[in-house]
Structures are given as structure tokens and as C-alpha cells.
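All chains are named by letter (A, B, ...) in the order of the sequence lines, taking the proteins before the strands, and each is independently numbered beginning at 1.
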Number of protein chains: 2
Amino acid sequence: MKKKAKAEIDLSTEEKIKEAARKVFTRKGYAATRTRDIAEEAGLNLALLNYYFRSKSKLFEMIMAEKMQQFFGFMLPVINNADTSVQEKVELITSKYMELLMENPDLPYFVLSEIRNTPDYFMKITDSGNFLSKSIFIRQIREKAPGRNPFHYLINLLGMCVFPFIMNPVLQKMGALDEKTFAKMMKERKTLIPAWIKSMLEED
Amino acid sequence: MKKKAKAEIDLSTEEKIKEAARKVFTRKGYAATRTRDIAEEAGLNLALLNYYFRSKSKLFEMIMAEKMQQFFGFMLPVINNADTSVQEKVELITSKYMELLMENPDLPYFVLSEIRNTPDYFMKITDSGNFLSKSIFIRQIREKAPGRNPFHYLINLLGMCVFPFIMNPVLQKMGALDEKTFAKMMKERKTLIPAWIKSMLEED
DNA sequence: ATCTGTTTTAATCAAATGATTAAATTATTT
DNA sequence: AAATAATTTAATCATTTGATTAAAACAGAT
């Protein structure tokens, strides 16, 4: 459609738009976001959006793919690493997730509320069919706790990492937690969650 | 504005609208829902919505209040009951929540993604300021695990109940879980979660 | 059956919003 | 500096969408 001329300027403007889109989409969700919001947030005219990206939905898809990658991406290699124990995997996933979420507290809201509307191809991340069930991580859990469906523990692990960030706005509004206390707790959870998972698995 | 004439007919139509609104709002969220969707879902004309409810937002507020009540309502009396132990409270909350969520799997998505946009008055449920911190439940947890912030455990409890329903669509799409297995697991969790919480609290 | 008030509908309005266009501005090349 | 290409803007379009209106259909009372 148009050739890129000055990579720097181009990148700058394009990146400004993407940055603004990230921000607004993540905060308000797809439907509630107006292209004008994004333009304003980026300090640019509306037409730029449609100049750089063909449409609102194209722009969204790009952000969405990026966020999905952030949210699920790093987990896959960890999960299929044959050289680490369950416990090491749990520790890795926990600390990585807690750090990611502390930097992007809106991420869970966004990913989880948009995921349902997202067409099936968002599953591109997961090349094979039910690769998850066959993953080393799940197999390792199955060995540790043979009587139970291993997904119980995967759900618990992810839930204990992610759910606090979902509940946080509620708890803050209710005056139950302040921002500082919350941050402190999230740091604590980096070591607490692996310990909790461990005792769950041993208890059997 | 208008007096009710035939209570039955009135209720029927009004209830039809509310039922449709519940369905569409819960599935798509406020912004993505068009009043026409609701009308169609109810098998009625658009103008009816504005006849019975002044506006989309009024209708939404009604549904929202209802869902908030469902989601948080029953917990309050349990939490402040002086006659039950921590463990009994955990069991009560777990089984109640699991049943509620199995009947309304969309509830978490809806409540949690709309709650942030909702004006502050949604906190009406929580009359006093930080009543939660002063609740008997939190105090009981504090006694059991004096070194830790008690909200860790409350978050874990709610997370282990709610989060599976948030992850379920993802897991199903990935082919990791089928509907039947999921339902079975949710039943299992009614007893598993209290046990897990117990061991967390005892471990300290 | 006629009248009265309620319920429902089709048609329409006005504002919001995604997208386009054509012109103006800026930068780069020759 | 002139020419060319890239970038940005203001103005405008077409569609969607929340809401209203005025009239028709209906039910119950007299």
C-alpha cells in the first residue's frame, strides 16, 4: 500500500499508535474502545490509525496476539523442559508470572475477557491438538499425585498467580487492601505459592 | 410513569426482557451488547426496552446489581458468623460457590470484567468501610496463621473456586479438558479445596 | 359494542463511531 | 531550489445504535 521511508520516524509514529492502542484496549476492552480514544491517547489524528492499520480490528488483533504471547508464551518452553523437576517448573512459572503481572496488572482482565470473543485461530500458540495433556509438566504432576486429575494443580498454580490481580481492584475499593500491602503480598507469593503447591502434591 | 395493569402479563413481558438482558449482557458484556440484541433475544420490539426500562444503562444496572448480589451476597453472612469455625466457613463457601458457578459459568467473566467500570456505589453491599478486615473470618484466619497476611488465604480460597471457570473455555479450546471431565473435577473440588486450604493454614 | 387505558409496534431521530478522501505539510532526493 | 515521495491533517461519509414518537392492537369495564 505504501512503502516505508524513514524507518525512525515511521517506527516512532507506528509505535506511538501501538503503544496507545495497547493502553486503551487493555484498559477498556475491544468494544468499549473508540478509535478516537486511541488517536487521542497517541496525540495523533484519527486518520493515522487507518493509514497505518487498515482498521480497528486489525489493530486489535495485533495487540491481542502480543498479549496472548505475553500471557501464555513463556510457559510453553518451561512446561516441556525435560531437565527440570516439577518443583523447579512451579518455581519458574510462579516467579515469572508474578513479575509479569506486577508490571502488567491489567493483563488478566484483558486477556481473559477478550479470549472468549476471539476466533479460534488464537490457538495458533498451541500447534498440536492437546499438547498440554501430553506435556512433561502434566506427566510429572501425574506421577506425583497419581489419584488426581493433574489439571487440578495446574489450575491452582495459575489461579493463585493470576487471581489476586483480578480481585485486587475489588479489594482495594472495599478498603481491605492498599496498593503497598498488595505489592508486598505479591512478592511474598513468589515463594509462598511453590510451597503451597508442593504441600498439595505431597498430601495427595 | 405508568401504572401496572395486569400483573401477570406485565411480569411476563418484563421478566422476558430481564431474562434476555441477563443472558446477553452476561455473555457479551455491557459495551458489546446492543439493545437490539436484547430485544431480539426476548423476541420483542426494541421500543419495549425503553418503555419498561428508561435506558440501556438502567437495565444494565439492574442486572449488574443482581449478579453482584449472587456473586458476593451469600458470602457476607457466612463470613461474619461467630458460631462456625474457619474450616466450616471454608467448606460452606466452597460448596456454595462451586454450586453457584456450575449453574452460572459465565458469572465470573461478567462480574469481574464489568466491576472495574462500575461506579463506586456498587460497593453498597459493603455498608461499612473495611468491614472485611474486621470480619470474623479474617480474624480467625489471622489466629491460625499469625505470621501471614490473612488475605493470602481468602484470595486462594476464592481463586481456587472461581479461577477454573475462567480458564475453562481456554482449556476446552486447547483440547485439554472436555466438558464432562471439567464438571467431574468441579465436584471433586468441593472437598479438595477445603483440604488444601486446611493444609496451607496448618503448614504456616 | 363502545369506551378507556394499557401494551406493542413500525417508523424515525440524533448522536456516536469506524472509515475514507483530498488537500496540506514535511522530508528526501536530485 | 525544484521535484518527488512520505506523512499528517481537516472535513466528510455511511453505518450503527440508543432513544423517541405517534399510531395501531389489545384487554377490560361499562
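For A:Ser55, whose side chain is taken as the heavy atoms from C-beta onward, the closest listed nucleotide among C:dT6, C:dA19, D:dA19 is C:dA19. The side chain of A:Leu44 sits closest to D:dT9 out of D:dT9, C:dA10, D:dG18. With C:dT17, D:dT8, C:dT9 as the choices, the nucleotide that has an atom nearest any side-chain atom of B:Leu48 turns out to be C:dT9. The B:Lys56 side chain lies nearest to D:dG18 when the options are D:dG18, C:dT6, C:dA19. Listed nucleotides: C:dG18, D:dT8, D:dA10. Nearest to the side chain of A:Ala47: D:dA10.
Both tests pass for A:Lys96 against the ring of A:Phe74: distance under 6.0 Å to the centre and angle within 45° of the axis. Cation-pi contact between A:Lys56 and A:Tyr30: present, with separation from the ring centre below 6.0 Å and deviation from the ring axis of at most 45°.
Distance, B:Tyr51 OH to D:dA23 P: 17 Å, rounded to whole Å. With rounding to whole Å, A:Tyr52 atom OH is found 6 Å from D:dT7 atom C1'. The separation between B:Ile38 atom CD1 and D:dA19 atom C1' is 14 Å, rounded to whole Å. Rounded to an integer number of Å, the gap from A:Leu46 CG to C:dT17 P is 11 Å. Whole-Å rounding puts the A:Arg34 CZ to D:dT16 P distance at 19 Å. Straight-line distance from the CG atom of B:Asp37 to the P atom of D:dA19: 14 Å, rounded to whole Å. Atom NZ in A:Lys58 sits roughly 17 Å away from atom C1' in C:dT20 (whole-Å rounding). Put simply, NZ on B:Lys16 is 13 Å from P on C:dT7, counting in whole angstrom units.
Other residues, nucleotides and ligands place more than 12 heavy atoms under 6.0 Å from the NZ atom of B:Lys28.
Residue-level contact check: A:Ser57 touches neither bases nor backbone, having no heavy atom under 4.0 Å from any strand. Counting any heavy atom pair closer than 4.0 Å across all strands shown, B:Leu49 reaches no nucleic acid atom.
No side-chain donor-acceptor contact under 3.5 Å links B:Ser95 and B:Lys190.
Distances shorter than 4.0 Å separate some side-chain N or O of A:Asn50 from OP1 or OP2 on C:dA19. Side-chain N/O atoms of B:Thr35 include none lying less than 4.0 angstrom from OP1 or OP2 on D:dT17.
For D:dG18, its base sits under 3.5 Å from the side chain of B:Arg36 at one donor and acceptor pair at least.
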>> Could you walk me through whether A:Arg189 and B:Asn156 satisfy the side-chain hydrogen bond (donor to acceptor under 3.5 Å, both in side chains) test, starting with their C-alpha distance in whole Å, then the side-chain angles of each, then the deciding distance to 0.1 Å, before giving a yes or no?
In response: CA-CA 11 Å; A:Arg189 286 176 91 83; B:Asn156 289 350; 2.3 Å; yes
